Amino acid sequence: MSNLWLDFEKPINELENKINELIGIIGKEEELKKLRKEVDSVKKKVFSNLSRWQIVQLARHPKRPYTLDYVKRIFDDFMELHGDRTFRDDPAIVAGIGAIEGKTVILVGHEKGRDTKEKIKRNFGMPYPEGYRKALRIFKLAEKFNIPIITMIDTPGAYPGIEAEERGQSEAIARNLKEMATIKVPIIVFVTGEGGSGGALAIGVGDRIYMLEYSTYSVISPEGCASILWRDSKMAPKAAESLKITAKDLLSFGIIDDIVPEPLGGAHRDVSKMAETIKSKILKTIDELQSIPVSELINQRIDKFRKIGKYKEK
Amino acid sequence: MFFKKKKPLTGKKKDIPEGLWLKCKKCGEILYKKELDNNLWVCPKCGAHFRISSKIYINLLFDNGEIEELDVDMESIDPLGFPKYKDKLKNSKAKTSLKDGVISGKAFIGGFPVAFAITDFSFMGGSMGSVVGEKIARLIRFGREQRLPVIILTSSGGGARMQEGIFSLMQMAKTSAELALLSKEGIPYINILTHPTMAGVMASFASLGDIIIAEPEALLGFTGPRVIEQTIRQKLPPGFQRSEFLLEHGMIDMVVSRKEIREVLISLLRMFNYAGFKSRAS
Ligand SMILES: [Zn+2]
């Protein structure tokens, strides 16, 4: 993991290298203790003061846990379910049925893939229409058997390609937005990494929307925005500031319901701890939502989106 | 006869741009503007559809060009403090005499009352920020409460309006949720897609019609062709993402010339009427 430090983590990296050199050397115990204290305080300082662009980098970190990393740790039992029953199985979206502490739960999430081969197979987490259609099929399955739904969002966006357009990328996304609004079971949404525009929202309509501390959610990528605004994708850091795409931003706008805290240094530094936090959030929220009558749940869900928007009227 | 064919309606004089002559982008023919206007801004030689304002659409779609406009006073603010957004809004307002990118309200088509909205490309590309999203959502609700067929015509190249960030993205969910409720009430929803309708608009309310009509050769899709070309590093086939391409791929019901859209709408409304759909107001 040591070769995967981000630029702004350099002071932490240097201290940890020093610590590694001293481990096990007799007579250096005091110095080691001091350094460990120091690295802790430097970490806290760096991570309490991240710019939006630094958070983008954490959200896209190559070691960032993906949906299946969480599934392995959160579920006691899980079976992946495949295919949209129409065209093919899109590996950029994973779906399945599983159990968490005796509760049956349906999960749908983007999956980016870890190594090069898997990334290509999963199209870097960029779904085709059939990915969204698989998601919808599984949502309907959940509704039929009264099973709560968890979704995990982590995508650069819906795939921009010829076949995606031929098969109706717009229609697939639009239909999910419409159908998810009135699905008769609780839907809990976690933005775990990159919330890339319509391709993210297409599995993002729910009763509770949570963002991991260092995740992002945006109408356009900072690079895309920078290209349009300043004709220079290198202005992405500035675009990230303008777009206001962090969990803190979205909470302050009243768009998400809560921020899920990450382990110090980001989710990838302690995946088990991150999974544990998500798991307890899931269990608590399911209890909360299952106590609401279904018709009321749907009213509240639609109302939540109705209220989003800033404008003036005379 | 249930309805009378009227003389073709034309745009008002004040909506005709400066200068007397215009060159057709498709066939190169030099056209007299007044003649073009009389022909609903369709090239008499090659049939190319020129982009027109929401005002001209109101004239050519609705009985006597009359509407009762809703939410007239709604205006955008700058929720993110986004670079240059305030100036852009100011310039667009001055240029178009619109308050934002959509007009909505109630009108009649061949005597049938409808709830309608028309997005206008000339206002920031017809993109959807909070105002467009809210007005569309309210219009759909209005249609549900009044039991009026909802007809939405789009000319929205910009998709979700970048300058309002996440607020714009969420309008996709808001408008689609209202359509879910409309659909459960069995009220017809018709889309008319015109050049161009893309991204966040196409991936929400513009793709959810019971019937989807498109003008010929309109650019319709999720990702813009330039971005697709950059991503896949190859030239796109001719006609890609045009109305006829979507028809062929099963994404829309019909491609209809601008000159015939009104008549097609009247026929559809009549058939829904015969099938038992009754507006509260009719
Ligand atoms: Zn021509």
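Chain letters run A, B, ... following the sequence lines, proteins first, then strands; residues in each count from 1. Owing to the predicted nature of the structure, the values given are computational and were not obtained by experimental measurement.
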Q: Below 4.5 Å from any heavy atom of chain B, which atoms of A:Arg167 appear? Answer side chain, backbone, both or neither.
A: backbone
Q. At what distance, to the nearest 0.5 angstrom, does CD of A:Glu179 lie from OG of B:Ser176?
A. 10.5 Å
Q. Of the non-hydrogen atoms in A:Glu165 and B:Thr223, which two are nearest, and what is the gap between them?
A. OE2-N, 2.9 Å
Q | Max heavy-atom pair count under 4.5 Å with chain B, selected residue of A:Leu229, A:Asp249, A:Ile162 | A | A:Ile162
**Q.** B:Ala173 to A:Leu177 - nearest heavy-atom pair and separation
**A.** N-CD1, 4.2 Å
Q. Between B:Ser76 and A:Lys312, what is the shortest heavy-atom contact and its length?
A. O-CE, 4.4 Å
Q. Quick one: are B:Met162 and A:Leu243 in side-chain contact, heavy atoms under 4.5 Å?
A. yes
**Q.** Part of B:Ile228 lying under 4.5 Å from any heavy atom of chain A
**A.** both
Q: Using a 4.5 Å cut-off on heavy atoms from C-beta on, say whether the side chain of B:Asp71 contacts that of A:Glu313.
A: yes
Q | Among the listed options B:Ile232, B:Leu179, B:Leu208, the residue most often paired with chain A at heavy-atom distances under 4.5 Å | A | B:Leu208
Q. When you look at B:Val132 and A:Tyr311, which way does the side chain to side chain contact (heavy atoms under 4.5 Å, CB included) test go after all the steps?
A. CA-CA 10 Å; B:Val132 171; A:Tyr311 48 84; over 6 Å; no
Q. Any sub-3.5 Å donor-acceptor pair from B:Ser130's side-chain atoms to A:Lys310's backbone N or O?
A. yes
**Q.** Beyond-backbone contact of B:Phe245 with A:Glu166, side-chain heavy atoms, under 4.5 angstrom
**A.** yes
Q) Do you know which two heavy atoms are closest between A:Ser218 and B:Leu169, and how far apart they sit? A) O-CD2, 4.1 Å
Q: Measure distances from B:Lys99 to the heavy atoms of chain A and classify the residue's part below 4.5 Å as side chain, backbone, both or neither.
A: neither
Q. Can you tell which of B:Glu164, B:Lys84, B:Glu178, B:Gln163 has the highest number of heavy-atom pairs within less than 4.5 Å of chain A?
A. B:Glu178
Q. So do the side chains of A:Ile173 and B:Ser207 get within less than 4.5 Å of each other, counting heavy atoms only?
A. no
Q. Is it the side chain or the backbone of B:Gln234 that comes within 4.5 Å of chain A heavy atoms, both, or neither?
A. side chain
Q: Check each atom of B:Thr175 against the heavy atoms of chain A and say whether the ones under 4.5 Å are side chain, backbone, both or neither.
A: neither
(Q) Assess whether a salt bridge exists between A:Lys314 and B:Glu75, defined as any Lys/Arg side-chain N lying under 4.0 Å from an Asp/Glu carboxylate O. (A) no
Q) Do B:Ile166 and A:Ile245 have side-chain heavy atoms sitting under 4.5 Å apart? A) no
Q: Heavy-atom pairs under 4.5 Å with chain B are the metric here; pick the option from A:Asn176, A:Ile220, A:Leu201, A:Val205 that has the most.
A: A:Leu201
(Q) Does any backbone or side-chain atom of B:Met251 lie under 4.5 Å from a heavy atom of chain A? Answer side chain, backbone, both or neither. (A) side chain
Q.
If I measure from the heavy atoms of chain A, does B:Ser204 come under 4.5 Å with its side chain, its backbone, both, or neither?
A. both
Q | Heavy-atom side-chain contact between B:Phe82 and A:Cys225 under 4.5 Å | A | yes
Q. Are B:Pro79 and A:Phe253 close enough that some pair of their side-chain heavy atoms sits under 4.5 Å apart?
A. no
Q) Between B:Leu181 and A:Arg306, which heavy-atom pair has the shortest distance, and what is it? A) CD1-NH2, 3.4 Å
(Q) With a 4.5 angstrom heavy-atom cut-off, is it the side chain or the backbone of A:Ile228 that approaches chain B, or both, or neither? (A) side chain
Q.
Heavy-atom pairs under 4.5 Å with chain B - which of A:Pro160, A:Ser227, A:Gly309 has more of them than the others?
A. A:Pro160
Q | Exceeds 12 heavy-atom contacts within 6.0 angstrom, atom NZ of A:Lys119 | A | yes
Q.
To the closest 0.5 Å, what do you measure between CG (B:Leu193) and OG (A:Ser170)?
A. 10.0 Å
Q: Below 4.5 Å from any heavy atom of chain A, which atoms of B:Pro237 appear? Answer side chain, backbone, both or neither.
A: side chain
Q. For A:Ser197, is it the side chain, the backbone, both or neither that has a heavy atom under 4.5 Å from a heavy atom of chain B?
A. both
Q | Over 12 foreign heavy atoms within 6.0 Å of NZ, B:Lys26 | A | yes
**Q.** Minimal non-hydrogen separation, B:Ser168 against A:Val219, with atom names
**A.** CB-CG2, 4.5 Å
Q. Which bit of A:Leu250 is near chain B, if near means a heavy-atom gap under 4.5 Å: side chain, backbone, both or neither?
A. side chain
Q) Does any N or O in the side chain of B:Lys174 come within less than 3.5 Å of the main-chain N or O of A:Ile308, such that one atom is a donor and the other an acceptor? A) yes
